Amino acid sequence: MLFQFIFAIVFIAKNYLNVKKKHVMSNIFKAYDIRGIYGTELTEDIAYKTARAFAQMRQKELQKEKIIIVAGRDMRLSSPGLSEALIRGLIDQGADVIDIGLASTPTFYFAVCELKADGGMIISASHNPKEYNGIKITRESAVPFGAGCGMEELQSEVENFTAVEPAEKGIIKKYDGITDEQVKYEEQGIDLSKIKKFKIVVDTANAMGADYLEKLFADLPQVELIKMNFALDGTFPAHQADPFQEENTADLKKRVLAEGADLGIATDGDGDRIFFIDNEGSMLEPAILRGIMAKIFLRDNPGATVCYDIRPGKITEDMIRENGGIPSVTRVGHSLIKKQMIETSAVFGGESSGHFFVKFPHGVYEAPMVVIMKLLLELSETNLSLADYARPLKKYFHSGEINFKGADKEKVFTRLKEKFSDAEINDLDGLTFTYPDFWFNVRGSNTESLVRLNLEARSEAVMKEKTDEVSSIIRE
């Protein structure tokens with residue numbers, strides 16, 4: 001009887017631990033990447049198993065055991081240990097690893113493409129606070145890996161991990177200088193000598209954008225670079241590495257004005273998002289920047305397709321159409337936009353949160369350096385300040401992204417459909433409601449437990465009125 005009792009307790013405990021493990025897994029496997037609190041949600045053991053599982057997936061997909069995977073990491077304090085575990089998992093599964101070390105996410109994508117690897121894994125939690133870490137994954141040529149294109153299978157493989165031993169282990173090759181190669185590659189086709197003198201303040205939030213920006217501006221001696229928070233520091237001593245949140249660009253805006261600078265630049269934790277501050281200390285709306293880039297890319301690629309996410313930012317669509325391009329609306333998320341860019345052969349794409357993608361000969365991925373160079377060239381050729389260039393493009397009034405914690409997404413959707421039943425309704429990603437004088441999108445976050453609202457209108461009064469109205473319905 002005692003034996004049976006002990007057996008039952010052990011059985012219950014094992015089941016409890018398995019359920020708890022799967023709950024943790026479901027929390028960290030996101031739509032675009034893997035992300036969680038280091039030590040409790042994301043551990044070296046999970047990184048190791050995830051690496052082995054991904055290598056197994058790639059081996060099956062490519063029908064070969066000897067594959068090459070690029071590995072990199074950001075500057076977070078937990079990244080070296082997680083990276084070591086990840087690389088160990090890859091080589092234990094028989095994959096050869098090209099270790100590029102510290103790198104931004106755009107540099108990582110470049111490495112996967114340029115080195116003709118079969119995929120890549122980088123340790124980074126992007127803009128999340130210092131307690132977090134994560135893993136971003138890509139297939140060959142920076143082909144996206146996320147929800148609907150591998151993430152669910154990977155999660156299942158990690159949850160039910162069973163090692164399949166390879167004929168032989170892989171090897172590690174250290175690769176230095178990949179950022180230098182990336183800078184030279186992205187400078188191709190851009191006449192840097194035509195960029196006039198600028199004074200630019202750059203805040204990289206002690207994160208990975210500093211790696212490529214330091215090298216880019218070294219090739220632009222006509223630019224006076226004023227650095228803010230360039231020293232890599234995974235504790236983020238100045239502020240969180242998320243320029244999308246206004247409080248994180250407050251010091252940069254003040255510095256631009258104090259220095260009499262032409263513009264300011266801010267990058268996020270892994271350096272794949274970029275934001276600009278104009279000479280009057282105001283942030284350039286990503287939708288406007290996206291429209292400017294569309295205009296520039298369409299000059300060289302007449303009639304081409306440009307992708308942008310469904311969140312309000314009508315100026316982008318206006319500028320694509322005005323410049324003879326084909327607008328292609330996507331779901332929110334960098335992997336989803338890149339996937340659609342590949343499917344539509346789009347030359348450029350932009351997300352409202354500051355991701356800007358370029359179609360290169362070897363792949364599609366974020367290219368903040370290209371955006372910088374093309375914007376500086378455009379301002380040089382027009383001889384306009386950034387504020388003056390953007391002023392005529394501020395045709396619409398935007399609520400900004402408003403987050404609601406604890407809201408039941410499905411109930412919110414039901415209430416909104418009842419209230420705004422006479423709107424043109426689109427369910428591509430969440431729900432988008434369109435009226436002649438205002439339009440808005442409400443969707444659940446793919447990375448956090450939030451409901452997000454973005455609303456835009458033709459007048460500030462309507463924007464404020466409708467933002468309050470929709471917000472009150474979400475809060476009910």
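Note that the coordinates shown come from a computational prediction; the quantities given were computed from them, not determined experimentally.
- At a threshold of 4.0 Å, the pair R299-E378 counts as salt-bridged, since one of the basic side-chain nitrogens sits closer than that to a carboxylate oxygen.
- The OG1 atom of T330 sits 7.0 Å away from atom CD of E351, with the distance rounded to the nearest 0.5 Å.
- In plain terms, the two heavy atoms of L90 and I69 that are nearest each other are CD1-CG2, 3.8 Å.
- Nearest approach of A241 to A207, heavy atoms of both residues: CB-CB, 4.3 Å.
- Looking at K49 and D45, a side-chain N of the basic residue comes within less than 4.0 Å of a carboxylate O on the acidic one, giving a salt bridge.
- The residues D262 and K199 are annotated as not salt-bridged, no charged nitrogen and carboxylate oxygen being separated by less than 4.0 angstrom.
- Across all their heavy atoms, K130 and T235 have their closest contact at CD-O, 3.8 Å.
- Exactly one residue among R35, R76, Q240 makes a side-chain hydrogen bond (donor to acceptor under 3.5 Å, both in side chains) with N128. That residue is R35.
- Salt bridge annotation for K215-D219: absent, with no cationic side-chain nitrogen under 4.0 angstrom from a carboxylate oxygen.
- Ion pairing of D33 with K30 is absent here, as no side-chain N (NZ or NE/NH1/NH2) approaches a carboxylate O to less than 4.0 Å.
- Other residues, nucleotides and ligands contribute more than 12 heavy atoms inside 6.0 Å of the NZ atom of K66.
- With respect to the salt-bridge test (charged N to carboxylate O, under 4.0 angstrom), the residues E322 and K395 qualify.
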Subject >> Residues D318, K314; criterion salt bridge (charged side-chain N to carboxylate O under 4.0 Å, His left out); working and verdict >> reply: CA-CA 6 Å; D318 292 350; K314 192 175 183 305; 2.8 Å; yes
**OP:** Would you please test F110 and Y185 for ring pair (Phe, Tyr, Trp, His ring centres under 6.0 Å) and show each step?
**Re:** CA-CA 9 Å; F110 169 80; Y185 182 89; 5.4 Å; yes
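- Note that K196 lies in the cation-pi zone of F198, set by a 6.0 Å cut-off to the ring centre and a 45° limit from the axis.
- By the 30° and 60° cut-offs, the orientation of the rings of H355 relative to F357 is parallel.
- Among residues two or more places apart in sequence or in another chain, the salt bridge (Lys or Arg N to Asp or Glu O under 4.0 Å) test is passed with D203 by none.
- Considering every non-hydrogen atom in both E65 and E168, the closest pair reads OE2-N, 4.0 Å.
- In this structure, F275 and L284 have side chains that are not in contact, with every pair of non-hydrogen atoms separated by 4.5 Å or more.
- Salt bridge status for K136 with D270: present, with a side-chain N to carboxylate O gap under 4.0 Å.
- Between F356 and F348, the ring planes are parallel. Angles under 30° get that label, and only those over 60° would be called perpendicular.
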**OP:** Step by step, work out the side chain to side chain contact (heavy atoms under 4.5 Å, CB included) result for F276 and I372.
**Re:** CA-CA 9 Å; F276 291 83; I372 292 171; 3.8 Å; yes
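- Contact check on E280 versus R391 returns a salt bridge, with a Lys/Arg side-chain nitrogen under 4.0 Å from an Asp/Glu carboxylate oxygen.
- T43 contributes a side-chain N or O that, together with a main-chain N or O of I46, makes up a donor-acceptor pair within less than 3.5 Å.
- With ring centers used as reference points, F145 lies 6.0 Å or more from Y32.
- Between R58 and D118 there is no salt bridge, since no side-chain N of the basic residue sits under 4.0 Å from a carboxylate O of the acidic one.
- At a threshold of 4.0 Å, the pair E456-R311 does not count as salt-bridged, since none of the basic side-chain nitrogens sits closer than that to a carboxylate oxygen.
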Subject >> Verdict with reasoning, K174 to D99, per salt bridge (charged side-chain N to carboxylate O under 4.0 Å, His left out) >> reply: CA-CA 5 Å; K174 296 280 187 180; D99 181 8; 2.8 Å; yes
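- Residues R331 and L428 come closest through the heavy atom pair CG-O, 3.4 Å.
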